[in-house]
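Worksheet: the structure to be examined is printed underneath.
Order of the sequence lines fixes the chain letters, A, B, ..., with proteins taken first and strands second; residue numbering starts at 1 for each chain.
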Amino acid sequence: MMKELPPQYNPKETEDKIYELWEKSGYFSPDNLPSDTKPYPPSPKPFCIIMPPPNANGALHVGHALFVTLQDIMIRHKRMRGFKTLWLPGADHAGFETQVVYNKKLEREGHSLWGIPHDKLYKEILDFTLKNKSRMESQIRKLGASCDWSREKFTLDEDIKAVVYDTFEMLYKDGLIYRAERPVNWCVKHQTTLSDLEIKYEEREDKLYFVKYEIPEMRSYIEVATTRPETIPADIAIAVNPKSKWKKFIGKTAVNPMTQIDLAIVSDTRVDLSFGTGALKITPHHDALDFEIYETHKKEIVSKPVSVINQFGKLMGAGTLGGLKVKEAREKAALILRPNFAKEPEPYKHQVSVCYKCGTIIEPRVLAQWFIKMTEKPKSGGKSLRDLAVDAVKQKKVKFVTKKFEKIFLHWMKNLRDWNISRQIVWGIPIPAWFHEPKCIPRKGYEKDIVKCREYIISGTKPVCEFCDAQFVQDTDVFDTWFSSGQWPYATLMTTSNKKDFGAFYPTDIMETGWDILFFWVARMIMLGLYRTGKVPFKTIYLHGLVRDKDRQKMSKSKGNVIDPLGVSELYGTDALRMALVAGNAAGNDPVISEEKIKGYRNFANKIWNVSRFVLMKTGDEISKGKISLTAKDKKGLKELANIKKSVTKDIEAYKFHLAAEKLYHYFWHTFADKIIEESKSRLEKGGKEAESATYMLRTILEGSLKMLHPFMPFVTEEIWQKLYGGKKMLMVEKW
RNA sequence: GGGCACUUAGCUCAGUGGUAGAGCGUCUCGCUUACAUCGAGAAGGUCGUGGGUUCGAUCCCCUCAGUGCCCACCA
């Protein structure tokens with residue numbers, strides 16, 4: 001009766017219906033797994049993946065489809081093997097990224113976010129984010145993700161924020177968080193500081209100027225090479241390498257050619273002898289190295305550091321340069337300084353730092369920001385954040401599926417510098433620091449206590465001053481998003497409605513994400529996870545690459561080669577998309593995908609459909625077990641199935657999903673369909689014992705294959721299973 | 001300036017210490033009642049170069065060449 005299958009598999013009629021069936025069953029949650037899925041030894045064991053929360057600022061792209069597929073394969077496989085399986089979904093407000101996306105949207109409409117009052121802007125972006133979030137959730141469903149929606153978390157959930165605040169406070173008490181005026185990366189367009197990871201380098205062709213700084217007492221001069229003559233008004237010293245020809249001037253005083261102030265000449269080995277002239281002008285507020293040299297020689301340098309470039313990248317308090325943009329000011333400064341040139345400027349190619357989002361040149365500025373110490377030990381004892389992570393990786397407490405990323409990781413960790421976690425944007429989690437404003441004027445009787453009053457207090461809630469009536473005002477800066485998302489594995493498991501989750505599922509088993517966020521996210525999760533919980537956040541890290549088109553090109557809207565996963569899923573079915581994303585793509589490499597490839601797997605889905613159709617038509621509904629005596633050939637066929645199962649299981653356990661997928665494809669199509677089924681046809685015609693044996697064999701291989709294919713192609717396999725068992729059983733929770 | 005990879009069939013990529021694999025593409029047949037989103041068959045590679053280890057290397061080691069990526073406060 002159920003043999004009336006159409007000759008073609010129609011994903012459109014299947015997928016939504018099947019997903020609803022799964023979701024309603026409750027089996028996505030580890031709490032509701034059916035009692036008859038007996039755990040395999042050495043179970044009962046939990047298996048947990050925390051989904052990397054997608055940025056809720058746009059539609060899902062093919063990279064999201066890739067991670068959904070890979071993670072769903074692991075989850076479904078483990079679930080079928082009887083593990084207590086949790087895949088916890090989430091969404092990221094993605095602070096800076098989302099604010100940039102939102103601003104672009106406004107710019108397209110002819111506006112911008114500058115000038116919109118803080119609270120109004122926050123609400124607008126919140127609406128925008130929540131809309132995207134709900135669209136994303138339905139798209140993740142469309143891709144077949146068997147995640148537990150009842151445990152979904154959002155990075156702006158109050159309980160998540162509370163965990164983040166706790167961590168901040170712990171770090172602060174441990175002396176690992178400090179506020180300091182230090183050179184930071186400032187994006188003139190976005191009006192915020194950025195971490196060192198959020199800048200990239202671009203080669204630019206500039207000029208190298210050689211400027212003479214007079215030393216009246218010696219009737220001589222020092223020659224300094226610089227690409228930034230416009231910052232000379234902020235020069236307050238000159239540093240020379242003690243081995244350079246300028247060493248005789250160490251301790252003397254030069255004159256700033258633009259401001260005429262005195263410049264101490266100090267000795268510092270950080271001045272590169274092989275570059276320029278061996279002498280360096282010191283402009284602490286506009287160059288990071290200069291700042292460090294200034295810090296070292298503070299006592300020798302009489303002048304105080306000044307800023308001559310403002311937040312908009314314009315000169316200020318710099319005499320006739322005032323009001324000019326950096327580039328214009330540079331030209332004008334060159335003109336003014338011409339009499340002081342030691343020689344003609346030379347063309348000079350170098351790397352300049354730019355904002356990773358907009359490509360605007362980063363302006364180093366000295367601002368008060370919150371930093372995390374990466375390499376110092378906490379006051380409460382134990383290792384530095386860096387050492388925690390490095391040691392855990394070296395001791396294989398976190399295993400990298402692809403070795404090369406372990407090397408890249410360790411190399412990066414070597415050169416870690418303190419992490420600036422404050423951002424001057426609207427869209428983010430406010431830093432829980434409160435400033436005393438105005439300054440403390442003690443009430444009567446508390447005058448002596450003014451020394452105890454602090455400039456700021458770290459607190460999740462508004463503090464009250466013990467000594468005066470002034471109000472505390474919360475810091476207007478927000479966290480770098482990665483500070484909060486870096487806590488995602490424990491923050492989520494600590495705040496689900498099931499209070500046992502953290503104990504049951506932490507550390508999680510595997511983190512699967514793109515290698516492009518190895519430093520941004522993975523490294524931070526390992527460090528913060530170990531710091532906060534004493535345990536690694538995940539035992540294994542699997543990193544996938546960037547999806548490319550059939551010519552190995554990056555996908556971009558301007559190239560017109562973008563593959564929209566939802567569109568593909570509509571056209572060819574989600575199963576086809578999933579297979580195309582997995583097959584032929586080893587871990588850590590950039591996956592290649594094309595429409596032809598997807599079509600190929602659409603055909604495969606149809607093959608599965610038709611094989612099932614054939615088996616159903618020829619063999620009837622039930623397989624009578626027990627009395628059948630199998631022919632030698634059929635026994636061999638079943639043995640082959642068992643071998644394939646062994647090998648596929650091994651591949652999946654070793655994260656070689658591409659191998660498993662290809663083996664299944666090849667076996668199902670070219671062994672089962674082309675050979676076994678073809679050979680069985682005449683025997684089925686004959687009837688009798690031969691036919692009985694063949695029937696049993698075909699049905700067994702079909703079911704075994706469907707089970708193995710299910711993690712990869714969940715929809716078509718489940719749909720067929722529903723037909724096979726008339727809706728009485730669910731493949732998703734069948735025993736592997 | 002440091003570091004990490006890659007170089008296998010026309011294209012995109014797997015893979016293994018023991019006579020080379022897939023998908024797509026190409027060619028030749030076939031509308032055979034599971035499937036033309038199909039079937040049968042075929043062509044196509046000295047596995048980048050030069051050495052070494054080994055009974056034997058595409059796979060291990062070294063050299064060179066080319067390609068890609070990451071990191072980096074040479075003003």
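Each of A:S274 and A:F519 was assigned the nucleotide of RNA chain B with the nearest heavy atom; the assignment lying further toward the 5' end belongs to A:F519. Looking at which nucleotide of RNA chain B each of A:K403 and A:G600 is closest to, the 5′-most match is held by A:K403.
On the P atoms, B:A72 is 41 Å away from B:G51, given to the nearest whole Å. As rounded to the nearest Å, B:U54 and B:C61 have C1' atoms that lie 12 Å from one another. One P atom belongs to B:U58, the other to B:G18, and the distance between them is 11 Å to the nearest Å. Distance noted for atom P between B:A43 and B:G10: 15 Å (whole Å). Rounded to whole Å, the C1' atom of B:A5 lies 38 Å from the corresponding atom of B:C27. Comparing B:A9 with B:G15, their P atoms are spaced 15 Å from each other, to the whole Å. When the P atom is used for both B:U46 and B:C11, the distance is 13 Å, rounded to whole Å. For B:A20 and B:G45, the P atoms lie 13 Å apart once the distance is rounded to whole Å.
Note on A:A673: a base of the nucleic acid sits closer than 4.0 angstrom, heavy atoms only. Backbone-only engagement by A:V592 is indicated by non-hydrogen atom pairs under 4.0 Å involving sugar-phosphate atoms exclusively. A:I677 comes within contact range of at least one nucleobase, with a heavy-atom separation under 4.0 Å. Across all strands shown, A:R417 has heavy atoms under 4.0 Å from base atoms, whether or not it also approaches the sugar-phosphate. If you check every strand for non-hydrogen atoms under 4.0 Å, A:G276 touches nothing. Residue A:V271 is in base contact, counting any heavy-atom pair closer than 4.0 Å across all strands shown. At a threshold of 4.0 angstrom between heavy atoms, the contacts of A:N585 with the nucleic acid are absent. Here A:H658 lies in heavy-atom contact (under 4.0 Å) with sugar-phosphate atoms only. Within the nucleic acid shown, A:F409 has no heavy atom closer than 4.0 Å to any nucleic acid atom.
Exactly one of A:R330, A:H286, A:K281, A:H285 qualifies for a side-chain hydrogen bond (donor to acceptor under 3.5 Å, both in side chains) with A:T231. That residue is A:K281.
Distances shorter than 4.0 Å separate some side-chain N or O of A:H670 from OP1 or OP2 on B:G23. Residue A:H666 has no polar side-chain atom (N or O) positioned under 4.0 Å from OP1 or OP2 of B:A22.
Looking at A:E596 and A:R602, no side-chain N of the basic residue comes within less than 4.0 Å of a carboxylate O on the acidic one, giving no salt bridge. Salt bridge status for A:D206 with A:R204: absent, with no side-chain N to carboxylate O gap under 4.0 Å. The existence of a salt bridge linking A:E719 and A:K723 is confirmed by a sub-4.0 Å separation between a basic side-chain nitrogen and an acidic carboxylate oxygen. Salt bridge A:R228/A:D290: absent, no basic N to carboxylate O contact under 4.0 Å. Between A:E295 and A:R182 there is no salt bridge, since no side-chain N of the basic residue sits under 4.0 Å from a carboxylate O of the acidic one.
Among the nucleotides B:C4, B:C71, B:A14, the one closest to the side chain of A:N415 is B:C71. Nearest nucleotide to the A:M617 side chain, out of B:A75, B:A34, B:C4: B:A34. Between B:C74, B:C73, B:A14, one nucleotide has an atom nearer to the side chain of A:A586 than all others, and that is B:A14. Among the nucleotides B:C70, B:A75, B:A72, the one closest to the side chain of A:Y201 is B:A72. The side chain of A:K618 lies closest to B:A34 when the candidates are B:A40, B:A34, B:U12.
Summarising the base pairing, B:A72 is matched to no nucleotide, lacking a Watson-Crick or G-U wobble pair whose two defining distances lie under 3.5 Å. Taking a pair to require two hydrogen-bonding distances under 3.5 Å in either a Watson-Crick or a G-U wobble arrangement, B:C24 pairs with B:G10. When both distances must be under 3.5 Å, the Watson-Crick or G-U wobble mate of B:A57 does not exist. In this structure, B:U67 and B:A5 make a Watson-Crick or G-U wobble pair, each of the two defining distances being under 3.5 angstrom.
With hydrogens and angles ignored, the 3.5 Å screen pairs a side-chain donor or acceptor of A:T193 with a backbone N or O of A:S422.
Between A:F712 and A:Y665, the gap from one ring centroid to the other reaches at least 6.0 Å.
When the P atom of B:G21 is taken as reference, atom NZ of A:K656 falls 19 Å away, rounded to whole Å. Summarising the geometry, the separation between CD on A:E406 and P on B:A5 is reported as 11 Å, rounded to the nearest angstrom. Atom OH in A:Y665 sits about 18 Å away from atom P in B:A14, given to the nearest Å. Spacing between atom OH of A:Y601 and atom C1' of B:A22 amounts to 8 Å, rounded to whole angstrom units. A:I598 has its CD1 atom 14 Å from the C1' atom of B:U12, to the nearest Å. One atom, CG of A:L684, and another, C1' of B:U33, lie 15 Å apart when rounded to the nearest Å. Taking atom NZ on A:K663 and atom C1' on B:U16, their separation rounds to 12 Å, with Å as the unit. In this structure, the CG atom of A:D268 is 17 Å from the P atom of B:C73, given to the nearest Å.
Looking only at atom types and distance, the side chain of A:S682 has no donor-acceptor partner in the side chain of A:E685 under 3.5 Å away. For A:N185 and A:D196, the side-chain atoms include at least one donor-acceptor pair closer than 3.5 Å. Checked by atom type, the side-chain pair A:E223/A:T277 shows no donor-acceptor distance below 3.5 Å.
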Scan nucleotides 35-37 of chain B against the protein and return all N/O pairs shorter than 3.5 Å with their distances rounded to 0.1 Å.
{"unit_1": "B:C35", "atom_1": "O4'", "unit_2": "A:N610", "atom_2": "OD1", "d": "2.9"}
{"unit_1": "B:C35", "atom_1": "O4'", "unit_2": "A:N610", "atom_2": "ND2", "d": "3.3"}
{"unit_1": "B:C35", "atom_1": "O2'", "unit_2": "A:N606", "atom_2": "ND2", "d": "3.2"}
{"unit_1": "B:C35", "atom_1": "O2", "unit_2": "A:K607", "atom_2": "NZ", "d": "2.7"}
{"unit_1": "B:C35", "atom_1": "N3", "unit_2": "A:K607", "atom_2": "NZ", "d": "2.8"}
{"unit_1": "B:U37", "atom_1": "O4'", "unit_2": "A:N603", "atom_2": "OD1", "d": "3.0"}
{"unit_1": "B:U37", "atom_1": "O2'", "unit_2": "A:N606", "atom_2": "ND2", "d": "3.3"}
{"unit_1": "B:U37", "atom_1": "O2", "unit_2": "A:R602", "atom_2": "NE", "d": "3.1"}
{"unit_1": "B:U37", "atom_1": "O4", "unit_2": "A:Q8", "atom_2": "OE1", "d": "2.5"}

